[in-house]
Amino acid sequence: MSDDKQPLARIPLAGVIGSPIAHSKSPQLHGHWLKTNGIAGHYIPMDVSADNLADVLQTLPKMGFVGVNITVPHKERALALADLVTDRATLIGAANTLIFRKDGKLHADNTDGYGFIQNLRQNAPTWQPELGPAAVLGAGGAARAVVASLLDVGVPEIFISNRTRIRAEALQSEFGKRLTVVDWVQAGNMMEEATTVVNTTSLGMLGKPPLRVPLDGLRRGALVTDLVYAPLKTQFLIEAEKMGCVTVDGLGMLLHQAVPAFERWFGVRPNVDSAARAAVLR
Ligand code: ATR
């Protein structure tokens, strides 16, 4: 066979599926990692409607895609469409990472809880989750991953508070006795004992109202983290810092949750460092 008849080496493709998708930072992050690791691949954002999701997931592997990230509003549906599901995705009830296996099977994972914990481990290395209860604000999709992963790393008890109480109660009935629901108007009371405090609500995000939970009960030295990363320093973290708490912003969760997917798809474990942070902030 002459050289021009040689089959082209396949350029691996991956991407992120959601709707809308323009706001996603994942293309910047994966693009940065592809470049810095010298990998000739592409990572593509795709706006896909719920009606088309199943067809798109069948077609992409035939086009050379090795996998995709899944974001709002398709995380639950993607899990339902998978042939194989990791335990952590089952526990969270949603998929954020899909792998198109060579045998044609669709493999679903959820790395949100992993990303949440890795962010804390990297940026607050002295954090000891087993030393005291956690206080979680919010009970939406992000809170599910946070609650599951906090229980997994040995937090003895979780106080959870949400504007819509019934959503917090739903998490309690699912995750069991280690969860106690606190009324939203009394959320400040949860701070007194907590050694880990997490905002999983969208309050404090650019364009949203601030989170107005009284923080004067916060313990000195408690670890306080916010899943919001725009702005990086939310008012919630600024207040917590003033109270002598250790604070960790939410950007690292976004970076760390992407690591297992990139490694699976492209065969290299990428670095979560200042260059990766800068890539998503550009
Ligand atoms: P995500 O997947 O990011 O968690 P979500 O499921 O829509 O998104 O959840 C958003 C969270 O922010 C919820 O806890 C929501 O509270 P409700 O369950 O009461 O809606 C919380 N949230 C959003 N806007 C809020 C507001 N103005 N006041 C209080 N909580 C708010």
Side-chain angles (χ1 to χ4, degrees), residues 16-26 50 69-80 88-97 108-117 119 134-151 158-175 179-191 194 196-215 224-232 234-237 239 249-258 280:
V16 57
I17 292 179
S19 191
I21 201 61
H23 66 283
S24 174
K25 301 279 187 195
S26 295
N69 285 127
I70 299 289
T71 188
V72 179
H74 300 316
K75 287 180 164 191
E76 288 82 10
R77 180 84 188 114
L79 187 80
R88 59 193 182 184
T90 304
L91 194 63
I92 297 169
N96 74 339
T97 303
D109 193 7
N110 192 312
T111 62
D112 285 334
Y114 164 86
F116 170 70
I117 297 295
N119 183 33
V136 174
L137 297 157
R144 292 178 67 86
V146 165
V147 164
S149 61
L150 285 175
L151 292 174
I158 297 178
F159 297 106
I160 183 161
S161 185
N162 193 50
R163 174 181 61 176
T164 311
R165 187 181 166 103
I166 197 166
R167 292 183 91 186
E169 286 171 350
L171 285 180
Q172 184 193 34
S173 44
E174 200 174 323
F175 288 97
L179 259 68
T180 303
V181 176
V182 174
D183 219 69
W184 185 241
V185 290
Q186 284 164 355
N189 296 350
M190 302 193 298
M191 308 301 162
T196 307
V197 179
V198 190
N199 174 37
T200 75
T201 76
S202 48
L203 293 171
M205 197 182 278
L206 283 173
K208 293 262 187 172
L211 175 61
R212 292 194 197 285
V213 170
L215 296 180
V224 179
T225 185
D226 199 331
L227 267 45
V228 170
Y229 59 82
L232 266 184
T234 57
Q235 206 51 42
F236 174 63
L237 292 186
E239 293 296 317
D249 69 56
L251 188 64
M253 176 175 169
L254 174 77
L255 305 180
H256 282 287
Q257 62 80 31
V280 297

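Everything quoted here is computed from the prediction, not taken from an experiment. When a ligand or atom number is given, it counts from 1 through the structure's own listing order.
- Each side chain to side chain donor-acceptor pair (under 3.5 Å) pair with one or both residues in residues 199-211, not counting sequence neighbours, appears once here: N199-T201, N199-D226.
- Contact annotation: the side chain of I160 never approaches that of Q172 to less than 4.5 Å [non-hydrogen atoms, C-beta and beyond].
- Taking every heavy atom of both residues into account, F116 and S149 meet most closely at CD2-OG, 3.5 Å.
- Here R167 pairs with nothing under the salt bridge (charged side-chain N to carboxylate O under 4.0 Å, His left out) rule; sequence neighbours left out.
- Protein residues lining ligand 1, listed by chain and number: G138, A139, G140, G141, A142, N162, R163, T164, R167, W184, T201, S202, L203 [non-hydrogen atoms, distance under 4.0 Å].
- The number of heavy atoms from other shown groups lying within 6.0 Å of CG (L206) is above 12.
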Using atom types as modelled, flag every donor-acceptor pair under 3.5 Å from a side chain in residues 89-96 to any protein atom, sequence neighbours excluded.
unit_1 : atom_1 : unit_2 : atom_2 : d
T90    : OG1    : T86    : O      : 3.1
N96    : OD1    : T111   : N      : 2.9
N96    : OD1    : T111   : OG1    : 3.4
N96    : ND2    : T111   : OG1    : 3.0
N96    : ND2    : D112   : OD1    : 3.0
N96    : ND2    : Q257   : OE1    : 3.1

